[in-house]
Participant: 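I am attaching a structure below and will ask some questions about it afterwards.
Just so you know, residue 1 is the first one in the sequence shown, and it goes up from there.
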Amino acid sequence: MTETSIPRAEQPLDEEETATLAVNGDDTDADDAEADDEAGAASTRTKKAVGESDLFRQSEIAADYVEGLLDILDYDGDIDELVSAGRPMVEVVGERLQSLVGQRGATLEALQELTRLAVFRQTGTPSRLLLDVGGYRANRRKELAAVAKNAVEKVKEYGESVRLEAMSAFERKCVHDVVNAMSGVVSESEGVEPNRRIVVRPAD
């Protein structure tokens, strides 16, 4: 089996998660591959019952919470609230925001969980809110798409499984999406957080 590491960005990227179980549930391979992220069973059950207006309300609550955090931390940034692909989103755009992203997005993941909790406390509904800072997630998706395609090429060339580096739930979801769109290969998650990773292997 081949092991492949993910390239690490040295510069801030310009452009989801260790969940609180009471809000988001535990993560599974099915969540990795099929859900929009590893929000978990509770939020998946709630998803169908939440309308567009409710989702936008969640993004408004989240935006207010993030704005308060930025004020406390003395950071400047424009905050956009929206609903995209059936989920609430908050995007923070500005300069010198890399410290809010952290290494490999670790700080961003923590901020996202805090923001989801803030939404949950006000609505009583588990939220699948996606928080992005400085376009990090969009650029990370592009990086991970390249990693996934490279792994698929190696699997097809050598006929052996390729084990990728440990990733966050957001990163695993990005890789699963790319692999699942290609023929002749499958992907699955193995291990436990924080060392959960993806294995790409030939389809049976």
Side-chain angles (χ1 to χ4, degrees), residues 8-25 27 31 35-40 42-44 46-145 167-175 177 194:
R8 299 172 182 265
E10 296 180 359
Q11 299 295 331
L13 294 171
D14 296 325
E15 153 138 333
E16 83 183 321
E17 38 234 77
T18 303
T20 302
L21 298 184
V23 177
N24 293 325
D27 81 334
D31 287 328
D36 282 341
D37 60 8
E38 296 190 12
S43 61
T44 301
T46 305
K47 177 182 176 183
K48 294 181 181 178
V50 179
E52 184 91 2
S53 61
D54 295 321
L55 293 174
F56 190 74
R57 174 61 180 152
Q58 289 184 21
S59 68
E60 289 181 322
I61 294 170
D64 288 342
Y65 179 77
V66 171
E67 184 177 16
L69 282 179
L70 292 180
D71 288 342
I72 292 171
L73 298 171
D74 196 26
Y75 282 99
D76 292 325
D78 294 326
I79 300 174
D80 294 325
E81 55 205 52
L82 61 151
V83 174
S84 177
R87 68 188 303 172
M89 291 185 64
V90 169
E91 297 178 344
V92 183
V93 180
E95 298 179 356
R96 297 183 295 277
L97 295 174
Q98 177 62 17
S99 60
L100 297 180
V101 174
Q103 185 177 13
R104 292 281 298 280
T107 303
L108 176 58
E109 295 296 335
L111 289 175
Q112 178 173 273
E113 288 307 314
L114 288 173
T115 306
R116 286 180 172 182
L117 283 170
V119 173
F120 177 73
R121 286 169 181 161
Q122 286 203 41
T123 66
T125 301
S127 178
R128 298 172 61 249
L129 175 104
L130 187 65
L131 175 64
D132 197 6
V133 173
Y136 172 82
R137 293 193 188 279
N139 274 308
R140 190 65 179 142
R141 282 190 186 96
K142 293 177 184 177
E143 280 187 346
L144 292 165
M167 305 181 199
S168 68
F170 164 75
E171 292 172 325
R172 293 194 301 272
K173 172 61 174 59
C174 293
V175 173
D177 283 347

Participant: Determine yes or no for a side-chain-to-main-chain donor-acceptor pair under 3.5 angstrom, with D132 supplying the side chain and Y136 the backbone.
Facilitator: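 Flag set: sc D132 to bb Y136 pair under 3.5 Å.
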Participant: Is there a side-chain contact between V119 and Y65 in this structure, where contact means two heavy atoms from C-beta onward sitting under 4.5 Å apart?
Facilitator: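 In short, these two side chains do not touch, never coming nearer than 4.5 Å.
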Participant: Can you tell me how far apart CG (D71) and CD (E67) are? Round to the nearest 0.5 Å.
Facilitator: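 If we round to the nearest 0.5 Å, D71:CG and E67:CD are 5.5 Å apart.
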Participant: Report the residue from E171, E91, Q112 that forms a side chain to side chain donor-acceptor pair (under 3.5 Å) with R137.
Facilitator: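 With R137 as partner, side chain to side chain donor-acceptor pair (under 3.5 Å) holds for just one option, Q112.
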Participant: Which heavy-atom pair separates L55 from G86 by the least distance, and what is that distance?
Facilitator: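 So the two residues come closest at CD1-O, 3.5 Å.
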Participant: First locate atom CE of M89, then atom CZ of R128, and finally report the distance between them rounded to the nearest 0.5 Å.
Facilitator: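 If I round to the nearest 0.5 Å, the distance is 11.5 Å.
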Participant: Could you check L100 against L111 for side chain to side chain contact (heavy atoms under 4.5 Å, CB included), going step by step and ending with a plain yes or no?
Facilitator: CA-CA 8 Å; L100 297 180; L111 289 175; 4.2 Å; yes
Participant: Please walk me through it: do T125 and Q58 pass side chain to side chain contact (heavy atoms under 4.5 Å, CB included)?
Facilitator: CA-CA 9 Å; T125 301; Q58 289 184 21; 4.1 Å; yes
Participant: Return the minimal non-hydrogen interatomic distance between E81 and A63, and the atom names on each side.
Facilitator: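 So the two residues come closest at OE1-CB, 3.1 Å.
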Participant: Look up atom CG in L130 and atom CG in L108, then write down how far apart they are to the nearest 0.5 Å.
Facilitator: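 Interatomic distance, L130 CG to L108 CG, rounded to 0.5 Å: 8.0 Å.
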Participant: Quick one: CZ on R96 to CG on D76, what's the gap to the nearest 0.5 Å?
Facilitator: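 If I round to the nearest 0.5 Å, the distance is 7.5 Å.
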Participant: Roughly how far, to the nearest 0.5 Å, is the CE atom of M167 from the CZ atom of R172?
Facilitator: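 Rounded to the nearest 0.5 Å, the CZ-CE separation comes to 8.5 Å.
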Participant: How long is the straight-line distance from CG of L131 back to OG of S59, given to the nearest 0.5 Å?
Facilitator: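 If I round to the nearest 0.5 Å, the distance is 12.0 Å.
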Participant: Take a 6.0 Å sphere around CG of D80 and say whether it holds more than 12 heavy atoms from other residues, nucleotides or ligands.
Facilitator: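 Yes - once you tally the heavy atoms of other residues, nucleotides and ligands closer than 6.0 Å, there are more than 12.
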Participant: Looking at K142, R141, E143, R140, which hits side chain to side chain contact (heavy atoms under 4.5 Å, CB included) with C174?
Facilitator: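 One option only clears the test, and that one is R141.
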Participant: Closest heavy-atom contact between V90 and A62?
Facilitator: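 Shortest heavy-atom contact: CG2-CB, 3.6 Å.
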Participant: Just do the side chain to side chain contact (heavy atoms under 4.5 Å, CB included) check on I61 and L129 with the steps written out, would you?
Facilitator: CA-CA 10 Å; I61 294 170; L129 175 104; over 6 Å; no
Participant: Identify the heavy atoms of L70 and G77 that sit nearest to each other, and give their distance.
Facilitator: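 Answer, listing the atom of L70 first, then G77: CD1-O, 4.4 Å.
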